[in-house]
Amino acid sequence: MLRTHTCGELRTEHIGQEVTLCGWVDSNRDHGRGLFIDLRDRYGITQVMVAPAAGDEQLDLARRLRSEDVVKVTGHVAARPEGTANPKLATGAIELRCTQLQLLNRSKTPPFTPGQQDLPAEDLRLKHRYLDLRREPMQRTLVLRSRIIKAMRDYFEEHNFIDVETPILGRSTPEGARDYLVPSRVHRGSFYALPQSPQLYKQIMMVAGYDRYVQVARCFRDEDLRADRQPEFTQLDLEMSFIDADDIMGMIDGLMARLAKQFLDIELKLPLPRISYDEAMTRFGHDAPDLRFGMEIVDCSDLATQCDFRAFRESVEAGGKLRGINAKGAADKYSRRVIDELTEYVKHDFGAKGLAWFRVEADGKLWSPIAKNFSESWLETLGRRMSAEPGDLMLFVSDRWEITCKSLHGLRKRLGAELRLYDPKQMHFSWVVEFPMFEFDQEENRWNAMHHPFTSPRDADFPKLETEPGSCRAKAYDLVINGYEAGGGTIRIHDSVNQQRVFNLLGIDEVQAKERFGFLLDALQYGAPPHGGIALGIDRVVMLFGGLDNIRDCIAFPKTQKAADMMTEAPGPVDAKQLRELSLRISQ
RNA sequence: GGGGGCGUAGCUCAAUUGGUUAGAGUACUGGACUGUCGAUCCAGUGGUUGCGGGUUCGAGUCCCGUCGCCCUCGCCA
């Protein structure tokens, strides 16, 4: 060990001891006769004083030190003179009086320093990630991440789970997200796929009798990125046998309670609240609603048919909906110009035909550019339906169901943040359950699995699989934290007959099924226990627990929006020789 | 693939309606200074205004194209 202590460790009780510290030069204050160096490592900062007594050579060396040079300092710990203690530093009561200074490594002038006040542009941070990771907030997040993962592993170990690693090089299954492919050298023309999740392997583990499986699993999906989505991400993946959906949710409830207690000092009330998918869509327009605030969606479709305003009437008569939200007290906070922006937003981003709005005047009457299209009594009814009070701003979308959901969810999210309807530090955990089994694909005129094709319907829905697929609900559950999908899982179909029924409905015939998931279907015929599981997005959990607004800050080496690594410049070209070995040729 | 935002000194930013030699803070270099901690003071270096084209007497500013980063729609079973 080159050092006896870290830079965050020394206190008054160490006064008089001779110690050696190693670290980076955070700053260097030269006073001529003597100088001060703030020495930093990931544990903290300790002030080093280099006095003339250390000798000219040492003083000269100290004077030449610059930001991010790496040094080793030996000296004795001393109390700072009265009045010069620094309460901002944990080590601020003492300083290290240098007797021996050694430059371990010189740093080039860094493009930015870890302590600088204005955060540099993110691309620069990503390019010099080793500098960015020296920043205290990044270190704090990575430590949080490490501890959360440790807590998860401990929890599942205590509950008798077995941690099993599954292959990274697997087989492509064209369902779902786009695969990252890896060409095989040995099998010319064949490819491995990186796992989108260890889904099939963990089900196989259940058949194999490992009734409690867990893994911190890296997953890969070649889809476009978002603030909360990376092409390469980490899941806490688990699967259990001889359980039902309540058992999985209960297990995760316990985990969340522990994590919330340990890392946020929050006592969660268990069980976590559950709402159905249908209720979530009706009240909030989204399957992962932010439940930290109200501003729920209200359906006014029945009123639309009782008015002469064509935009409302016609969309409802065509099977659409008239739905709205009431932004309490927001009338004077949203100018016409800003409302025009909201209108553009729902039109452009969600394909809404328009946005209708009403302001509630001091006398309780509704004012709107379109108000003249309605009778006074109709407006009164609308106001009552929306619980209108003077000063409120009500926003309505009249359109196809899906468009009203997307638009009003978007508006609710945006207004909720802008109007500060919740404390950003507040955390809300809930479950959304009973998702539809299938979604109808209009373009391809067929049913698609909403989760994955191994999801079990509710027991009562088995008879309706073929006759009313649209009304079948799945044994599926999503964990939602503050409006983010933090995890999701299902109970699986464990017999091959029902599995085949679902495949049939999805248009996967026996030949295709055998080709794609034959090994799973085989396994299901050798005594598969009832089983199910869940996967949590660890990056997102860390993001939410850390109070961060993007997932890149929770990942040591994240990718940019175009899925590139700015530090290593991956992806990059490869040699012609490598391509030849893989029997690949780049087409022009 | 679509929409939007940003791109000026190493870094963070400014630059009036298109108008002088593109500025400030910080960093960096040199000097001064006995207790600082965002040290201070003095002096100095530092610019392909992302890149390419165009309009104009004149472009950081306007137009077209392009590259990069971010947000977002589509996409993400």
Side-chain angles (χ1 to χ4, degrees), chain A residues 26-40 45-53 63-64 66-68 78 80-89 91-92 95 97 108-113 115-128 131 173-179 196-197 199-200 219-231 233 341 344-352 403 406-407 410 413-414 435-439 441 447-455 474 476 485 488 490 502 506 508 516 537 549-550 552 559-562 564 566:
Chain A
D26 199 61
S27 72
N28 183 358
R29 297 177 292 281
D30 184 356
H31 285 262
R33 292 257 302 165
L35 54 82
F36 301 94
I37 297 161
D38 281 350
L39 195 64
R40 186 197 72 240
I45 288 177
T46 300
Q47 172 165 288
V48 175
M49 193 207 180
V50 188
R63 194 161 281 140
R64 290 202 314 272
R66 291 295 175 267
S67 285
E68 305 310 307
R80 295 199 189 184
E82 201 167 335
T84 63
N86 185 352
K88 290 184 202 160
L89 291 182
T91 60
E95 64 192 5
R97 301 261 165 88
K108 282 174 67 177
T109 300
F112 61 94
T113 54
Q116 83 181 47
Q117 54 211 5
D118 294 310
L119 200 58
E122 192 174 5
D123 45 355
L124 196 73
R125 293 172 52 206
L126 291 172
K127 180 164 186 209
H128 302 278
L131 297 178
T173 53
E175 298 268 324
R178 197 173 294 115
D179 283 322
Q196 297 179 24
S197 80
Q199 182 62 37
L200 299 177
C219 306
F220 307 86
R221 293 178 191 176
D222 187 4
E223 297 292 347
D224 285 345
L225 283 74
R226 287 286 184 281
D228 62 349
R229 257 166 40 191
Q230 281 274 305
F233 59 102
E341 281 173 25
E344 274 312 301
Y345 167 56
V346 293
K347 278 181 168 175
H348 176 269
D349 275 18
F350 308 114
I403 289 177
K406 287 181 181 178
S407 301
K413 219 166 112 175
R414 188 163 163 169
F435 283 76
M437 279 289 287
F438 310 104
E439 282 175 312
D441 186 329
W447 292 97
N448 282 329
M450 193 146 172
H451 273 81
H452 52 65
F454 318 109
T455 301
E485 180 192 330
T490 63
V502 170
L506 297 172
I508 303 171
R516 291 187 200 171
D549 58 8
N550 93 66
R552 295 182 298 280
K559 305 256 187 303
T560 66
Q561 195 156 45
K562 292 190 81 179
M566 298 209 75

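Below, chains carry the letters A, B, ... as their sequence lines are ordered, and counting in each starts from 1. What you see is a predicted model, and the numbers here were worked out from it, not measured in a lab. All values below were derived from every heavy atom in this structure, side-chain atoms included, with hydrogens, water molecules and symmetry-related copies excluded.
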Participant: By the 4.0 Å heavy-atom rule, please label Gln196(A) as base, sugar-phosphate, or nothing.
Facilitator: nothing
Participant: Which part of the nucleic acid, if any, lies within reach of Gln561(A) when heavy atoms closer than 4.0 Å are counted: base, sugar-phosphate only, or nothing?
Facilitator: base
Participant: Mind checking if Gln47(A) touches a base, just sugar-phosphate, or nothing, with heavy atoms under 4.0 Å?
Facilitator: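 Result for Gln47(A) = base.
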Participant: Using the P atom as the point on both nucleotides, what is the distance between A14(B) and A24(B), in whole Å?
Facilitator: 16 Å
Participant: Between G74(B), U36(B), G3(B), which one does the side chain of His348(A) approach most closely?
Facilitator: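 Side chain of His348(A) sits closest to G3(B).
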Participant: Determine the contact category for Pro81(A): base if any of its heavy atoms lies under 4.0 Å from a base atom, sugar-phosphate if only primed atoms, P, OP1 or OP2 are that close, otherwise nothing.
Facilitator: base
Participant: Roughly how far apart, to the nearest Å, are U26(B) and C63(B) at atom P?
Facilitator: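 U26(B) and C63(B) have their P atoms separated by 35 Å.
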Participant: Can you identify which nucleotide, out of U34(B), C73(B), G35(B), has its nearest atom closest to the Asp349(A) side chain?
Facilitator: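 It is C73(B).
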Participant: Could you give the CD-to-C1' distance, from Glu344(A) to U72(B), as a whole number of Å?
Facilitator: 15 Å
Participant: Asn86(A) near the nucleic acid: base, sugar-phosphate alone, or nothing, with a heavy-atom cut-off under 4.0 Å?
Facilitator: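 Base contact - Asn86(A) has a heavy atom under 4.0 Å of at least one base atom.
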Participant: Indicate, with a heavy-atom threshold strictly under 4.0 Å, whether Met566(A) touches base, sugar-phosphate, or nothing.
Facilitator: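 Result for Met566(A) = sugar-phosphate.
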Participant: Can you check the Phe350(A) CZ to G3(B) P distance for me, whole Å?
Facilitator: 17 Å
Participant: According to the Watson-Crick and G-U wobble definitions, with both distances under 3.5 Å, which nucleotide is paired to G44(B)?
Facilitator: C28(B)
Participant: Select base, sugar-phosphate, or nothing to describe what Ala85(A) touches, counting heavy atoms under 4.0 Å on all strands.
Facilitator: base
Participant: Mind checking if Arg125(A) touches a base, just sugar-phosphate, or nothing, with heavy atoms under 4.0 Å?
Facilitator: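 No contact.
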Participant: Report the distance from atom NZ of Lys347(A) to atom P of G4(B), rounded to the nearest whole Å.
Facilitator: 15 Å
Participant: How many Å lie between CD on Gln199(A) and C1' on C76(B), as a whole number?
Facilitator: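 Distance check: Gln199(A) CD to C76(B) C1' gives 16 Å.
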Participant: Which atoms form the tightest heavy-atom contact between Gln47(A) and Phe36(A), and what is the distance?
Facilitator: NE2-CD2, 3.3 Å
Participant: Please pick, from C71(B), G2(B), A27(B), the nucleotide with the shortest atom-to-atom distance to any side-chain atom of Thr109(A).
Facilitator: A27(B)
Participant: Check nucleotides 39-46 of chain B against the protein and report each pair of N or O atoms closer than 3.5 Å, with its distance, or say if there are none.
Facilitator:
residue: A39(B); atom: N6; partner: Asp30(A); partner atom: O; Å: 2.6
residue: A39(B); atom: N1; partner: His31(A); partner atom: ND1; Å: 3.4

Participant: Could you let me know what G68(B) is paired to, Watson-Crick or G-U wobble, both distances under 3.5 Å, or none if it's on its own?
Facilitator: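 Across any shown strand, G68(B) pairs with C6(B).
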Participant: What interatomic distance, in whole Å, is found between C1' of G19(B) and the corresponding atom of C41(B)?
Facilitator: 38 Å
Participant: Can you check the Arg33(A) CZ to G31(B) P distance for me, whole Å?
Facilitator: 19 Å
Participant: When rounded to the nearest Å, what value does the distance between P atoms of G65(B) and G23(B) take?
Facilitator: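 Between the two P atoms, the distance is 33 Å.
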Participant: Say you pick atom P in C11(B) and the same atom in G50(B); how far apart are they, in whole Å?
Facilitator: 12 Å
Participant: Can you see if the side chain of Thr560(A) gets near the phosphate of C69(B) - specifically, an N or O under 4.0 Å from OP1 or OP2?
Facilitator: yes
Participant: Considering only side-chain heavy atoms of Thr84(A), which listed nucleotide, G2(B), G35(B), U72(B), is closest?
Facilitator: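 Given the options G2(B), G35(B), U72(B), the side chain of Thr84(A) is closest to G35(B).
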Participant: U34(B) pairs with which nucleotide, Watson-Crick or G-U wobble, both distances below 3.5 Å?
Facilitator: none
Participant: By the 4.0 Å heavy-atom rule, please label Phe36(A) as base, sugar-phosphate, or nothing.
Facilitator: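 If one applies the 4.0 Å heavy-atom cut-off, Phe36(A) turns out to touch a base.
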Participant: Quick check on C69(B): is either OP1 or OP2 less than 4.0 Å from any side-chain nitrogen or oxygen of Lys562(A)?
Facilitator: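 Lys562(A) to C69(B) OP1/OP2: no side-chain N or O under 4.0 Å.
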Participant: Give the nucleotide from the list C11(B), G2(B), C76(B) with an atom nearest to the side chain of Pro120(A).
Facilitator: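 The answer is C11(B), which lies nearest to the side chain.
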Participant: In whole Å, measure the gap between the C1' atoms of U34(B) and A43(B) for me.
Facilitator: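 Straight-line distance between the two C1' atoms is 24 Å.
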Participant: Taking the minimum atom-to-atom distance to the side chain of Ser67(A), which one of G35(B), U12(B), C28(B) wins?
Facilitator: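 The answer is C28(B).
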Participant: Given that both distances must come in under 3.5 Å, which nucleotide forms a Watson-Crick or G-U wobble pair with U16(B)?
Facilitator: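 Paired with no nucleotide.
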Participant: Can you tell me if the side-chain N/O atoms of Arg63(A) get under 4.0 Å from OP1 or OP2 in G30(B)?
Facilitator: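 Arg63(A) to G30(B) OP1/OP2: no side-chain N or O under 4.0 Å.
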Participant: Checking all strands, does Leu35(A) fall into the base, sugar-phosphate, or nothing category for heavy-atom contacts under 4.0 angstrom?
Facilitator: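 Result for Leu35(A) = nothing.
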Participant: So what does Ile45(A) hit on the nucleic acid, given a heavy-atom distance under 4.0 Å: a base, only sugar-phosphate, or nothing?
Facilitator: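 The residue Ile45(A) makes no contact with any strand.
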Participant: Checking contacts here: which listed nucleotide (G74(B), C69(B), G2(B)) is nearest the side-chain heavy atoms of Asp224(A)?
Facilitator: G74(B)
Participant: Between C28(B), C69(B), G35(B), which one does the side chain of Arg80(A) approach most closely?
Facilitator: G35(B)
Participant: Give the rounded distance in Å between these two atoms: CG of Asp123(A) and C1' of U12(B).
Facilitator: 14 Å
Participant: Looking at every strand, decide which applies to Arg178(A) at a 4.0 Å heavy-atom threshold: base, sugar-phosphate, or nothing.
Facilitator: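 Contact class for Arg178(A): none.
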Participant: Indicate yes or no: does Arg97(A) engage Glu95(A) in a salt bridge with an N to O separation below 4.0 Å.
Facilitator: yes
Participant: Could you tell me how far U45(B) sits from G4(B) if I compare only their P atoms? Round to whole Å.
Facilitator: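 Rounded to whole Å, the distance is 43 Å.
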Participant: With the side chain of Glu122(A) defined as its heavy atoms from C-beta on, choose the nearest nucleotide among U36(B), C70(B), C75(B).
Facilitator: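 Between U36(B), C70(B), C75(B), the one nearest the side chain of Glu122(A) would be C70(B).
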